[in-house]
Colleague: 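To start, I am sharing the structure in question, which I have written as structure tokens.
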Amino acid sequence: MDTALAALVSPDGTLAVRVTPKARGGERIAVEDTPEGPRARVWVSAPPEDGKANAAVCRLVAKALGVPKSAVSVARGDTSREKLLHVAR
């Protein structure tokens with residue numbers, strides 16, 4: 001489990017992420033320090049069409065958190081780079 005990522009999940013189970021679809025160099029997650037505080041960035045190789053990138057983001061975050069794929073879903077931002085994910089525990 002990625003403890004830095006797990007620390008960003010709020011008590012109500014939400015996680016704000018910034019997504020970069022069609023990324024070269026493989027799929028990865030990083031926690032960045034921003035003026036607003038720490039934020040998760042997710043790079044996926046899937047294109048942003050037909051929900052492919054959203055599915056890849058959910059799969060990658062679930063793997064990093066050690067939860068089933070079905071436990072992570074997009075709560076807000078289906079067509080945006082800024083997404084709010086819901087993580088069921």
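Keep in mind the model is a prediction, meaning the values are calculated, not measured.
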Colleague: Taking only residues two or more places apart in sequence or in another chain, which ones pass side chain to side chain donor-acceptor pair (under 3.5 Å) with S10?
Modeller: D12, T14
Colleague: Looking only at non-hydrogen atoms, find the nearest pair between A53 and P48 and report the distance.
Modeller: CB-CA, 4.0 Å
Colleague: Could you note down all residue pairs passing salt bridge (charged side-chain N to carboxylate O under 4.0 Å, His left out) where residues 65-79 supplies at least one of them, sequence neighbours left out?
Modeller: none
Colleague: Would the distance check show the side chain of S80 and the main-chain N or O of K83 forming a donor-acceptor pair, the cut-off being under 3.5 Å?
Modeller: no
Colleague: Remaining members of L15's ILVMFWY cluster at a side-chain heavy-atom cut-off under 4.5 Å?
Modeller: L5, L8, V9, V17, V19, I29, V31, V42, V44, V57, L60, V61, L65, V67, V72, V74, L85, V87
Colleague: With sequence neighbours excluded, give me every salt bridge (charged side-chain N to carboxylate O under 4.0 Å, His left out) pair touching residues 16-31.
Modeller: R18-E82, E27-R59
Colleague: By side chain to side chain contact (heavy atoms under 4.5 Å, CB included), which residues pair with K52, not counting sequence neighbours?
Modeller: A46, P47, E49
Colleague: With A7, which residues qualify under side chain to side chain contact (heavy atoms under 4.5 Å, CB included), at least two apart?
Modeller: none
